[in-house]
Number of protein chains: 2
Amino acid sequence: MDAEGLVRGLRSEGMRVTAARRAICAVLAAGHGEHLDATEIRRRAEQGSAINIDQSTIYRTIDVLERLGVLHHVHLGHGPAIVHLSAEINHQHLVCEHCGKTVDIPVDEVTEAFETLALRHSFASVHGSHFAIVGTCHECATS
Amino acid sequence: MDAEGLVRGLRSEGMRVTAARRAICAVLAAGHGEHLDATEIRRRAEQGSAINIDQSTIYRTIDVLERLGVLHHVHLGHGPAIVHLSAEINHQHLVCEHCGKTVDIPVDEVTEAFETLALRHSFASVHGSHFAIVGTCHECATS
DNA sequence: CTCGATGCAAAGGTTTTGCACCAGG
DNA sequence: CCTGGTGCAAAACCTTTGCATCGAG
């Protein structure tokens, strides 16, 4: 989804389209596949729009977009959460617990396992994308 | 592992066995399968030992036990981390993102999938137990 | 006696909230 | 206009750290 799509989503829900929100949407739309946290989103949004945007506005806007269903936040480790456009959550995150290296995994490598889990434990669905899957990468294991 | 086992582990590594640590180990050993966070550990440890234990001591002791490899902390959601004795981490956690309901899943339901992931993405190992797996439970889906 | 562990207090890092003002529709 | 969004400041929340003192070995 491009920035205009996000903006249209806001407007269609009766929410106001402000300069800050426009800047944030532009950053999100431009950050294809990147792992942006709130601080980085703010940095880029301020730079791209030349206006001052408070960190709380970033969080509030993320919150709104999440409620619209077009955005999700993901925890890769102990640091700040990163966000993904819903359209781009077609992958899981595999993270090395020692060095933090992150690998994007196509969903279809895990959907079968997750569907089995859902079935066995009476869950309607299991997507598992809110948290990373943790392991140890090759380099960290051999050093 | 019982409380004495934990205490012995400390001593064998040259670490000191104090009243606070004894109380914390007793709580951990007694909390079979429970999801204890630092605050609850403190509450029980103080109650069980009738001494004053600071929250930082809880965290420092968790840290020590984690370094000894007998304990791990796990994130089930946005709240505080919970801890598990290593001997009891034979399961994954499946959590409903709406109501927080948590189901313990035997590891063997996911090991195969995780081994495949490790193989494909050059990870030495994938245990995935540091974070919960998120989904939507039946009740939340139908309401 | 010595060094590790503790309590206390303060800070750190991320996220949330209260409030008065501003601006989109 | 009028309600919702914003910046600012402060708090909330979990966790970590500095420091003087205490106590295990």
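FYI, side chains are in, hydrogens and waters are out, and symmetry mates aren't considered; it's all heavy atoms of this structure. Chain naming here is simple, since letters A, B, ... match the order of the sequence lines and numbering starts at 1 in each.
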Is any side-chain nitrogen or oxygen of [X] closer than 4.0 Å to OP1 or OP2 of [N]?
X: B:R21; N: C:dT6; answer: yes
X: A:N52; N: D:dC8; answer: yes
X: A:Y59; N: C:dT16; answer: no
X: A:T18; N: D:dT6; answer: yes

Measure from [atom1] on [X] to [atom2] on [N] and round the result to the nearest Å.
X: A:I62; N: D:dG5; atom1: CD1; atom2: P; result: 16 Å
X: B:I58; N: C:dC8; atom1: CD1; atom2: C1'; result: 15 Å
X: B:D37; N: D:dC13; atom1: CG; atom2: P; result: 13 Å
X: B:Q55; N: C:dA5; atom1: CD; atom2: C1'; result: 16 Å
X: A:I53; N: D:dC8; atom1: CD1; atom2: C1'; result: 15 Å
X: B:D63; N: C:dA5; atom1: CG; atom2: P; result: 11 Å

Among B:H73, B:H72, B:H75, which one satisfies ring pair (Phe, Tyr, Trp, His ring centres under 6.0 Å) with B:F131? B:H75
Would you tabulate the pairs of protein nitrogen or oxygen atoms and nucleotide nitrogen or oxygen atoms of nucleotides 17-20 of chain D closer than 3.5 angstrom?
| residue | atom | partner | partner atom | Å |
| --- | --- | --- | --- | --- |
| D:dG18 | O6 | B:R60 | NH1 | 3.4 |

Strictly by ring-ring contact (aromatic ring centres under 6.0 Å, His included), give each pair with a member in residues 33-70 of chain A just once, sequence neighbours left out. A:H35-A:H84, A:H35-A:H93
What residue pairs, at least two apart or across chains, pass ring-ring contact (aromatic ring centres under 6.0 Å, His included) with a residue in residues 5-26 of chain B? none
Rounded distance [0.5 Å steps], CD in A:E115 versus CD in A:E112: 7.5 Å
Supply the atom-to-atom distance A:I24 CD1 to A:L71 CG, rounded to the nearest 0.5 angstrom. 10.5 Å
Of A:P80 and B:V64, whose closest DNA chain C nucleotide lies nearer the 5' terminus? B:V64
Given that B:G79 and B:A19 both sit by DNA chain D, which one's nearest nucleotide is further toward the 5' end? B:G79
Closest-nucleotide mapping onto DNA chain D: is B:R22 or B:T39 further toward the 5' terminus? I mean the 5' end. B:T39
With B:I82, which of B:I41, B:T102, B:V74 fulfils side-chain contact (heavy atoms from CB on, under 4.5 Å)? B:V74
Does B:E139 have any side chain to side chain donor-acceptor pair (under 3.5 Å) partners at least two apart in sequence or in another chain, and if so, which? B:K101
Holding to side chain to side chain donor-acceptor pair (under 3.5 Å), I want the full list of residues that pass it with A:R16, two or more places apart in sequence or in another chain. none
Any residue of residues 68-78 of chain B with a heavy atom less than 4.0 Å from an atom of DNA chain C: none
Which of residues 7-15 of chain A sit near DNA chain C, with a heavy atom under 4.0 Å from it? A:R11
Transitive ILVMFWY cluster of A:L117, excluding itself - 4.5 Å side-chain cut-off: A:L94, A:V103, A:I105, A:V110, A:F114, A:F123, A:V126, A:I133, B:L94, B:V103, B:I105, B:V110, B:F114, B:L117, B:F123, B:V126, B:I133
Can you pull the side-chain hydrogen bond (donor to acceptor under 3.5 Å, both in side chains) pairs that have at least one residue in residues 121-134 of chain B, sequence neighbours excluded? A:H78-B:H130, A:E97-B:H127, A:E109-B:H121, B:H127-B:S129
Give a yes-or-no answer on whether the side chains of A:S56 and A:R60 include a donor-acceptor pair shorter than 3.5 Å. yes
With sequence neighbours excluded, tell me which residues meet salt bridge (Lys or Arg N to Asp or Glu O under 4.0 Å) with A:D2. none
Which residues pass the salt bridge (Lys or Arg N to Asp or Glu O under 4.0 Å) test with A:R44, not counting sequence neighbours? A:E34, A:E40
Could one point to a donor on the side chain of A:R16 or the base of C:dG25 with an acceptor on the other under 3.5 Å away? no
Assess whether atom CD of B:E4 is packed by more than 12 heavy atoms of other residues, nucleotides or ligands within 6.0 Å. no
Looking at five pairs on each end of the helix from C:dC1-D:dG25 to C:dG25-D:dC1, what is the angle between the two axes, given to 10 degrees? 30°
